[in-house]
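Numbers restart at 1 for each chain; the letters A, B, ... are given by sequence-line order, proteins then strands. In this text the structure is predicted, and so the values were computed from the model without any measurement.
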Protein chains: 2
Amino acid sequence: MAKELPGFRPLYAQVAELLTERIGSGRWKPGAPLPSEFRLADELKVSQGTVRKALDEMASKNLLVRRQGRGTFVAQHSAQTAHFRFFPLVDEAGVKEMPTSTVLAQKTGRAERQEAEALGLPPRAPVHRILRLRRLAGRTVVVERITLSAALFDGLALPIGTEMLEELYVVYEQQFGVTVARADEQLRAVPASAEDARHLGLAAGTPLLEVRRIARDLYGAPLELRIDRCDTSRHCYVNSLD
Amino acid sequence: MAKELPGFRPLYAQVAELLTERIGSGRWKPGAPLPSEFRLADELKVSQGTVRKALDEMASKNLLVRRQGRGTFVAQHSAQTAHFRFFPLVDEAGVKEMPTSTVLAQKTGRAERQEAEALGLPPRAPVHRILRLRRLAGRTVVVERITLSAALFDGLALPIGTEMLEELYVVYEQQFGVTVARADEQLRAVPASAEDARHLGLAAGTPLLEVRRIARDLYGAPLELRIDRCDTSRHCYVNSLD
DNA sequence: CAGTGGTCTAGACCACACA
DNA sequence: GTGTGGTCTAGACCACTGC
């Protein structure tokens, strides 16, 4: 069964790739159960052990959720999971709180050079821009500026001025069928602009933590550019190396 | 062979734990080869597949390095590996450069409350404190303050004022037999103190990225408290989520 | 060449979830 | 009970390394 030509990939990796494509193509939607290991093995003409290794690999990348006795399911963002995976701010005691979010503005325009590069779009492609504030324990802690391809997120209309309960990544998944699987971030310390300072109730020039994030889909293609400016006087960004 | 009592752990996890203890106890030193899978399986009275799963798990945690045709080796810090695993600063093009380091001072004193807590030491335990500058592309970019247990790092004597070629984690491993396996970091934006500003050639109050790191050994016990203040005008801290 | 880890297969039994 | 994933075992063959 295994082809051992030079440069070839292991069977389980090919199986994982095939299954990932089925998820990406929408054949299996988020939350849906996959066929059992034995059914997949029969269908793909490989052993159950090989399917298992592929599924384990995909589960370790948070693409699948496996539950003993129940089955294997396509991973699905929820307010909870998106929060714990993609919101690294904690309070001084190290506790992750659920933030509240309010969209101040959503506008459509043409991508600046930097935005187009980050999102892999042609110059001046149409984009949505979102300005959002996020609060923790009643304090506004983050000023967030988001840029999205207007072609990919066609018809996006966020409620302005009222508290959003849903995580944005849940909206992307449920309304536009795109899944955020990974994000790359660059962090810097910057002085608060006059606008940042007004939103955060601080003096202009106060040091803020700037987090520049590119969120990516299953294949690593960029979906969202997000620039957060965070007041780290009472919260901090946490990270573990290895 | 497998005991299936409630709450018990899989055999391969027990094997991994046993092997981790052998490494931690110094029975197998960094860089040394482990016995082959079959020898370990014979010795431990489990199958080769179970040993393999334990070894794979440990390799995925960077505890071991496996090389086809050669064997399995205890992971070893080198200037290269320590740099790529534990130095998240890159330049504007996203390139990781090798930093140069100069120790300005090394003193011994008694732990402050915060230091003792971070390192899991009794109040006022003796500690080494190190002040170090790190340069990238000829610019001083990081002012680094390190606190270590003087009991654990007994006899530490770093060269003052001259450029250090070795990574500190290599020194810990080779001179003191302790391995940094993991690190937890907290990031904040802070204004440069007068001293920071002098070292970095900036104005006091300039926003700096403060990285507060606790480096831990194989078992998660804290080894080192390190507080870096970074000039992020030409470099940034990078991180990937999932 | 012999020895190592890497892959693939097959079968057994266990723990868990749900009807 | 039935079906699921989780663990353990055993054996085969491959690819890589170094003698």
Side-chain angles (χ1 to χ4, degrees), chain A residues 1-20 22-23 28 30-76, chain B residues 1-20 22-23 28 30-76:
Chain A
M1 195 63 13
K3 294 273 176 267
E4 305 292 358
L5 301 180
F8 246 48
R9 309 177 52 221
L11 242 195
Y12 70 82
Q14 299 177 41
V15 171
E17 189 178 19
L18 173 66
L19 298 180
T20 301
R22 289 194 182 172
I23 294 172
W28 291 322
L34 263 61
S36 76
E37 295 178 349
F38 282 104
R39 281 181 213 281
L40 285 171
D42 280 354
E43 185 205 338
L44 303 177
K45 308 293 184 222
V46 300
S47 77
Q48 178 249 8
T50 299
V51 170
R52 159 153 300 182
K53 190 153 183 179
L55 295 178
D56 284 346
E57 189 183 71
M58 294 168 73
S60 78
K61 290 198 277 187
N62 292 310
L63 254 161
L64 300 175
V65 177
R66 313 196 70 188
R67 272 180 285 180
Q68 184 172 157
R70 300 219 26 216
T72 300
F73 303 82
V74 180
Q76 189 172 22
Chain B
M1 196 63 11
K3 295 272 176 264
E4 305 291 358
L5 301 180
F8 246 48
R9 308 178 51 220
L11 241 195
Y12 69 82
Q14 299 178 42
V15 171
E17 189 179 20
L18 173 66
L19 298 180
T20 301
R22 289 195 183 170
I23 294 172
W28 292 322
L34 264 61
S36 77
E37 295 177 350
F38 282 105
R39 281 182 212 282
L40 284 172
D42 280 355
E43 185 204 338
L44 303 176
K45 308 292 184 223
V46 300
S47 78
Q48 178 249 8
T50 299
V51 171
R52 160 152 300 182
K53 189 152 185 181
L55 295 178
D56 284 346
E57 189 183 72
M58 293 168 73
S60 77
K61 291 198 278 186
N62 292 310
L63 253 161
L64 300 175
V65 177
R66 314 195 70 187
R67 272 181 285 183
Q68 184 173 155
R70 300 214 34 211
T72 300
F73 303 82
V74 180
Q76 190 171 22

Protein-nucleotide distance (B:Leu34, atom CG; C:dG3, atom P), rounded to Å: 19 Å
5' precedence on DNA chain C between A:Lys53 and B:Arg70 (nearest-nucleotide basis): B:Arg70
Identity of whatever pairs with D:dC8 - Watson-Crick or G-U, under 3.5 angstrom: C:dG11
Whole-Å gap separating P (C:dT4) and CZ (B:Phe73): 11 Å
Distance test, side-chain N/O of A:Arg39 to OP1/OP2 of D:dT4, below 4.0 Å: yes
Proximity to the side chain of B:Glu37 - top-ranked nucleotide from C:dT9, D:dA10, C:dG5: C:dG5
Gap between atoms CD and P, on B:Gln68 and C:dA2 respectively (whole Å): 19 Å
Length of the CG-P vector between A:Leu40 and C:dT9, whole Å: 14 Å
A:Leu55 vs A:Leu34 side-chain heavy atoms within contact, under 4.5 Å: yes
B:Arg67 side chain near C:dG6 phosphate (N/O to OP1/OP2, under 4.0 Å): no
Any B:Thr72 side-chain nitrogen or oxygen under 4.0 Å from OP1 or OP2 of C:dT4: no
Cation-pi geometry met for B:Arg67 and B:Phe73 (6.0 Å, 45°): yes
Residue whose closest nucleotide on DNA chain C lies nearer the 5' end, A:Phe38 versus B:Phe38: B:Phe38
Gap between atoms CG and P, on A:Asp56 and C:dC8 respectively (whole Å): 14 Å
Presence of salt bridge, A:Arg66 and A:Glu57, under 4.0 angstrom: no
Options C:dG6, D:dC8, C:dA10, nucleotide nearest the side-chain atoms of A:Ser47: C:dA10
Whole angstrom value for the distance that separates P of D:dT4 from CD of A:Gln48: 11 Å
Flag side-chain contact, heavy atom, 4.5 Å: B:Leu19 against B:Leu64: no
CZ (B:Arg39) with more than 12 external heavy atoms under 6.0 Å: no
Closest to the A:Ser36 side chain, choosing from C:dT9, D:dT4, C:dC8: D:dT4
Rounded distance (Å) that lies between atom C1' of C:dG6 and atom CD of B:Glu57: 18 Å
Distance test, side-chain N/O of B:Arg66 to OP1/OP2 of C:dG6, below 4.0 Å: yes
Rounded interatomic separation in angstrom, taking CG from B:Leu64 and P from C:dT4: 16 Å
